[in-house]
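As structure tokens, the structure follows; a few thoughts come after it.
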Amino acid sequence: MKFNVSSKTLYTFVSAVSKVINSKNALTILNNFLFELSGDTLTVTASDLENTLVAHMEVMDAEGEGRFCVDARRLVDLLKEMPDQGLEFNINDQNLSVELTYATGNYSFIALNGSEYPSNEADAEASDANFSFVCPTEQVLKGIDNTLFAVGNDDLRPQMMGILWDIKPDGIVFVSTDTRKLVRYRNNMSEPGQEGSFILPVKPATVIKNVFAKEEAIKITVEPKSVTFESPSYRFNCRFIKGNFPDYNRVIPQNNPYVVTLDRQQFLTAIRRVAVFVDQGHGLVKFRINADKLTMKATDNNFCTSAREEVPCDFTGSDMVIGFSAPYLIEIINTISTENVLLKLSDPSRPGVFVPAEQSADSDLLMLLMPMTVSEF
């Protein structure tokens, strides 16, 4: 069989698909791409058994059809260094020798039999799909961007090692937590018209961010054990995490009468400076909140260092002293994009709720951070 394809086009697709491949695989065959030629369409597949990513591209002057496997790292590295020009692939159907030719050079290597590559379980499960819907890619990417940083990494709590997709008829709620911080992002850009939920692991979430960023819309099909994301160029099937995600609505305090209004950028840069002097063992920063200013303080007795800063604020309650972990706090404030941020409190022992000062019409972002014990300021 043979076909012609642009080196730039091929590199774009294989570099995207390669993001699924692990650095070390249980099966050697998984170090390869599966190429399938059918008519004028070339399909490139990569898998780690849990996740399978497939790309479709049009090729020219195609002859024959079949399946063969090509070493992924070698092909990506070669195409990365190649100028944008036409490539011709000639594959000997008998011994699977591959001849790659272009204007000023040629390369030859041996492919593996495509029948050795694990089958895509997405096709087997498609008939058992629970439901499917189409939503804008922006909705998916915003959900992942706002929640990925708060995913847990404790193997004893596997249900928290992913992002909960709580699908409602009128929108999608994305939730992640590691028991210290929790993020709930509700987005109503599209109406799935269905109800269900699944927990998306970190690796698939990262792949979706990188691969589907330029796609306009994604079709999402929820199956019994996995979920499939599909666009005109890519199809990505990934297994979700088994188990039940904690009831996030019960964790979020409903009564937070005291509100601190802060300039986000000013607050963030001040925390970053003070965080340089925290005790690395716990990262505690103490906050004293008054009606018109917030004073933050950090100390590290091991190195006899301390830091203190003041930033203006608007506080509706009585003076309060509370403590938060600086690294977690920086992550939260970094994720919020509005000019001002609101910190809602009830008392120093209860979680602090961080929200943007202005929510967009079709989304609602809420971040919760557990406080740390503060004996004295």
Side-chain angles (χ1 to χ4, degrees), residues 5-20 33 36 38-47 51-60 84 120 122-123 125-126 129-148 162-176 185-198 200-223 226-238 240 335 337 359-365:
V5 65
S6 159
S7 61
K8 182 178 181 181
T9 300
L10 185 58
Y11 175 67
T12 298
F13 283 100
V14 297
S15 62
V17 171
S18 68
K19 293 178 177 15
V20 170
F33 294 126
E36 296 180 80
S38 178
D40 290 329
T41 301
L42 178 67
T43 303
V44 183
T45 302
S47 175
N51 309 288
T52 301
L53 179 57
V54 182
H56 311 276
M57 73 190 82
E58 295 298 314
V59 296
M60 299 169 289
D84 184 15
N120 183 5
D123 297 333
E125 288 189 301
N130 292 349
F131 61 88
S132 64
F133 60 95
V134 177
C135 67
T137 304
E138 183 183 358
Q139 183 177 18
V140 173
L141 297 184
K142 282 185 174 180
I144 293 173
D145 285 337
N146 283 310
T147 55
L148 191 58
I163 301 170
L164 171 68
W165 291 50
D166 195 2
I167 301 165
K168 307 291 185 184
D170 61 345
I172 306 174
V173 182
F174 302 86
V175 186
S176 64
Y185 176 70
R186 184 183 293 113
N187 190 294
N188 300 326
M189 287 181 69
S190 68
E191 298 182 357
Q194 307 281 351
E195 196 158 350
S197 66
F198 60 87
L200 185 71
V202 170
K203 180 178 177 179
T206 305
V207 169
I208 292 167
K209 276 184 61 177
N210 293 328
V211 172
F212 289 88
K214 295 182 180 179
E215 305 293 311
E216 290 186 6
I218 301 177
K219 179 183 179 183
I220 300 173
T221 304
V222 181
E223 296 144 10
S226 65
V227 57
T228 299
F229 300 86
E230 193 167 1
S231 71
S233 300
Y234 298 99
R235 186 178 76 250
F236 181 41
N237 176 263
C238 54
F240 42 64
T335 305
S337 58
Q359 302 275 14
S360 63
D362 54 16
S363 66
D364 178 74
L365 176 62

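Inter-residue side-chain proximity for I218 and E230 is flagged as unmet; no heavy-atom pair is nearer than 4.5 Å. The closest side-chain heavy-atom distance from N187 to N146 is not below 4.5 Å. The shortest distance between side-chain heavy atoms of D166 and I172 does not fall below 4.5 Å. Contact check for L42 versus V5: no side-chain heavy atoms found under the 4.5 Å cut-off. Looking only at side-chain heavy atoms (C-beta outward), L200 and F240 stay at 4.5 Å or farther from each other. Residues K19 and L53 are not in side-chain contact: their nearest non-hydrogen atoms beyond the backbone lie 4.5 Å or more apart.
Note: F174 and W165 have perpendicular aromatic rings, judged against thresholds of 30 and 60 degrees for the angle between ring planes.
Taking the six-membered ring wherever Trp is involved, the centroid distance between the rings of F229 and Y234 does not fall below 6.0 Å.
Between the side chains of E215 and T137, no donor N or O sits under 3.5 Å from an acceptor N or O. Checked by atom type, the side-chain pair S360/S363 shows a donor-acceptor distance below 3.5 Å. Under 3.5 Å, the side chains of T228 and E223 contain a donor-acceptor pair of N or O atoms. Side chains of N237 and T52: a donor-acceptor N/O pair is absent below 3.5 angstrom, by distance only.
Note that the OG1 atom of T43 and the CZ atom of R235 stand 8.0 Å from one another [nearest 0.5 Å].
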Determine, stepwise, if the pair D84 / K8 fulfils salt bridge (charged side-chain N to carboxylate O under 4.0 Å, His left out). CA-CA 5 Å; D84 184 15; K8 182 178 181 181; 5.1 Å; no
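For the pairing with F236, the side chain to side chain contact (heavy atoms under 4.5 Å, CB included) check across V17, N51, V227 returns one residue only, N51.
Using modelled atom types, no side-chain atom of E36 and backbone atom of V44 make a donor-acceptor pair closer than 3.5 Å.
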